[in-house]
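Read the numbers this way: they start at 1 and go in the same order the structure lists the ligands and their atoms.
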Amino acid sequence: MLGLMQNWPLTVDRILDHAKTWHDDREVVSRSVEGPIVRTTYAQLHERAKRISNALLALGVRPGDRVATLAWNTGRHMEAWYGIMGIGAVCHTLNPRLFADQLCYIINHAEDRIIFVDLSFVPTLKEHRAQMPTVQQFVVMTDREHMAGVDLPGALCFEDLVEQHAPDATWGGFDENTACGLCYTSGTTGNPKGVLYSHRSNFLHTLVTLQTDVMGLSGRDVILPVVPMFHANAWGIAFSAPAVGAKLVMPGPKMDGASIHELLESEGVTFSAAVPTVWQMLLQHLRATNGKLTTLKRVVIGGSAVPEAIMRGFRDEYGVDVTHAWGMTETSPLGTQATPTHKIAALPYEEQLKFRLKQGRAPAGVELKLTDDEGARLPHDGTTFGRLKVRGPFIVREYFKGEGGDILDPEGFFDTGDVATIDEHGFMQITDRAKDVIKSGGEWISSIEIENIAVGHPKAELAAVIGVAHPKWDERPLLLVKLKPGETATREEFLAYLEGKIAKWWTPDDVVFVDEIPLGATGKIDKKVIRQRYQDYVLPGVKAAE
Ligand code: ADP
């Protein structure tokens with residue numbers, strides 16, 4: 001017997017409709033690419049997005065067509081998103097930090113027809129124009145005045161389109177399973193693969209992230225998403241903020257400590273989200289300038305592991321609560337968040353910290369399991385580590401155009417490629433990426449754990465650990481350290497620092513001091529490149545191959 005409730009398709013245009021109806025005058029503030037701070041409201045944003053929809057229809061865009069954006073977080077970028085998604089086209093967010101070759105690969109793979117582009121990225125597109133044959137039109141996200149300096153033949157001006165088209169476009173009216181957004185994984189794991197979100201998956205992700213124990217956003221919040229809309233959907237904030245009528249503050253192209261601090265204070269931001277490196281920069285800026293955070297209450301950090309020093313720094317010096325979250329492009333992206341349970345909340349803060357530094361627990365709507373390489377479930381004892389697998393209504397089922405083949409296990413779980421533990425409180429902790437874990441004598445060594453400790457050495461700026469071939473143990477850890485400017489150090493100093501903090505057999509066989517640790521397009525250490533560089537490295541005590 002079926003239920004007798006209404007069929008109300010979960011399409012994301014309804015989120016902005018809601019914001020326009022009930023939070024019409026709530027502000028969206030952007031640091032524009034042109035420079036000045038620009039203010040708009042949900043009502044205006046809604047109207048302008050509808051005009052963009054009509055412009056797209058006039059350009060011949062049909063449901064299912066891919067329309068890309070290559071842009072910073074701004075109000076205009078949101079107008080493009082909703083304008084594209086509202087008419088059933090697919091919004092493909094391009095990551096400008098990718099190398100041009102990868103960008104072209106992705107544009108071609110997605111068969112993008114139109115690209116909305118910020119002034120900052122016009123030169124890249126012009127240079128590689130010939131390598132993107134499916135693209136019929138560029139829309140530069142600026143006004144007529146700034147179009148004068150744009151060198152991109154045939155490009156249209158965003159503000160012209162807004163002016164020329166009526167705000168009467170019809171949104172929605174299609175199946176909630178219709179494709180809505182497309183985002184490629186950054187390719188740290190091979191060729192980039194497309195994750196094709198549906199309206200339903202984005203809508204459900206929005207509702208789940210709004211839970212109090214997840215992001216817990218409210219209409220009284222002022223939210224600054226530093227995390228880019230092109231990197232896993234700004235963790236859904238471009239949907240969840242209008243869903244609750246929160247004020248949005250968009251940082252545009254400037255994400256350095258001083259610029260972010262200025263917006264946090266001038267706009268009264270209460271909640272923000274970013275990767276650890278951004279918060280590291282902000283902390284450094286605040287300390288150097290004796291800056292204050294007078295309104296910021298909560299920060300979510302994810303994308304890579306949050307170092308203890310950041311969590312303590314924000315709490316002890318500025319009274320800001322940091323929660324750690326984990327997710328990936330394939331999980332829309334939020335998978336877990338380390339919000340204390342009632343038992344953990346009852347502990348003194350110092351004891352809570354152990355759990356808060358883990359990647360956290362699953363909300364309703366995300367299922368997690370740990371398995372061994374054969375797929376057998378492993379215990380949730382906090383020490384056994386295995387492959388982390390996820391299942392749920394906003395987790396990828398298949399990559400765009402079937403890349404990578406069948407990616408689900410027999411129970412329908414997606415293998416995240418992460419290696420993790422889960423403790424008795426349900427708190428998951430990432431110990432490594434499966435391909436980065438060091439397999440020594442049949443046992444696993446967590447490269448991340450050694451890195452996190454090594455980077456705590458006062459002389460270290462950045463640390464990376466990789467496995468290097470070893471004739472007896474298969475692989476042994478090699479520690480790479482980039483020192484802070486002006487510092488010198490010895491191998492012994494670092495090994496002594498690790499002593500007692502990790503199991504003895506985890507101790508790296510060697511330490512190398514380097515000028516640079518390569519980072520990938522999403523700001524994470526690029527181990528693929530490091531492994532290539534050190535593939536012939538001979539560890540001490542090992543005879544070089546003949
Ligand atoms: P990629 O880095 O391949 O582009 P994503 O940006 O989607 O992919 O990143 C997903 C990966 O980032 C996860 O699988 C995990 O390895 C890592 N990650 C995300 N959040 C955290 C976290 N809080 N701690 C440690 N690793 C994390």
Side-chain angles (χ1 to χ4, degrees), residues 93-99 102-103 106 181-195 197 205 214-215 227-236 273-279 299-308 310-311 322-339 355-362 366 368 385 387-390 394-396 399 403-404 407 414-422 427-437 446-452 455 464-465 518-529:
T93 44
L94 292 166
N95 182 345
R97 297 187 185 127
L98 291 175
F99 294 116
Q102 274 179 321
L103 210 55
I106 289 173
L182 178 63
C183 184
Y184 282 72
T185 59
S186 72
T188 43
T189 52
N191 251 347
K193 294 190 244 348
V195 179
Y197 306 104
H205 180 262
V214 189
M215 289 206 201
V227 51
M229 291 162 75
F230 57 73
H231 189 201
N233 298 319
W235 302 349
V275 295
T277 41
V278 166
W279 298 117
V299 158
V300 173
I301 304 189
S304 46
V306 55
E308 186 173 333
I310 292 189
M311 200 173 277
V322 171
T323 30
H324 192 188
W326 165 87
M328 58 200 311
T329 306
E330 289 88 335
T331 62
S332 291
L334 212 117
T336 64
Q337 194 161 326
T339 316
F355 297 100
R356 288 175 173 267
L357 286 167
K358 296 189 179 193
Q359 279 71 12
R361 58 195 170 97
V366 177
L368 298 180
F385 51 102
R387 291 176 169 275
L388 178 68
K389 298 185 180 168
V390 281
F394 45 86
I395 311 293
V396 68
Y399 288 111
E403 289 291 328
I407 54 171
F414 167 71
D415 187 337
T416 61
D418 285 327
V419 175
T421 59
I422 298 178
F427 273 55
M428 183 275 288
Q429 181 166 29
I430 302 275
T431 54
D432 232 320
R433 283 202 161 188
K435 63 190 173 0
D436 295 338
V437 77
S446 160
S447 65
I448 293 187
E449 202 166 324
I450 307 177
E451 281 161 12
N452 282 347
V455 85
V465 174
L519 301 180
T522 49
K524 299 174 198 178
I525 296 174
D526 194 339
K527 299 241 173 125
K528 204 162 68 177
V529 171

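Using 4.0 Å as the threshold, Ala325 has a heavy atom nearer than that to some atom of ligand 1. Within the structure, the closest approach of Ala232 to ligand 1 does not fall below 4.0 Å when heavy atoms are considered. Using a 4.0 Å cutoff on heavy atoms, Ser304 counts as a contact of ligand 1. Heavy atoms of Gly327 approach ligand 1 to within less than 4.0 angstrom.
An N or O contact shorter than 3.5 Å links Ala305 to ligand 1 by distance. Considering backbone and side-chain N/O of His231, one or more are found under 3.5 Å from N/O of ligand 1.
Between Asp418 and Trp326, some side-chain heavy-atom pair lies under the 4.5 Å cut-off. Between Ile106 and Leu103, the closest side-chain pair of non-hydrogen atoms is not below 4.5 Å. In this structure, His324 and Arg356 have side chains that are not in contact, with every pair of non-hydrogen atoms separated by 4.5 Å or more. Contact check for Val396 versus Lys193: no side-chain heavy atoms found under the 4.5 Å cut-off.
Annotation for ligand 1: atoms under 4.0 Å from non-hydrogen atoms of Met328 are 7 (O), 10 (C), 14 (O). Near Lys524, with a cut-off below 4.0 Å to any heavy atom, the atoms of ligand 1 are 2 (O), 5 (P), 6 (O), 9 (O), 10 (C), 11 (C), 12 (O), 17 (C). Residue Gly303 has at least one heavy-atom neighbour below 4.0 Å for each of these atoms of ligand 1: 12 (O), 17 (C), 18 (N), 19 (C), 20 (N), 21 (C), 27 (C). Close contacts of ligand 1 with His324, meaning ligand atoms under 4.0 Å from a residue heavy atom, involve 22 (C), 23 (N), 24 (N).
In terms of heavy-atom proximity, Pro307 sits nearest to Pro276 at CD-CB, 4.1 Å. Of all heavy-atom pairs between Val366 and Gly335, the closest is CG1-O, 3.6 Å. Nearest approach of Tyr197 to Cys183, heavy atoms of both residues: CE1-CB, 3.7 Å. Annotation for Ser447 and Lys527: closest pair OG-NZ, 3.0 Å, computed over non-hydrogen atoms.
The proximity of Gln359 to ligand 1, defined as any non-hydrogen pair under 4.0 Å, is limited to the side chain. Residue-level proximity to ligand 1 for Thr329 is carried by backbone and side chain together, each with a heavy atom below 4.0 angstrom.
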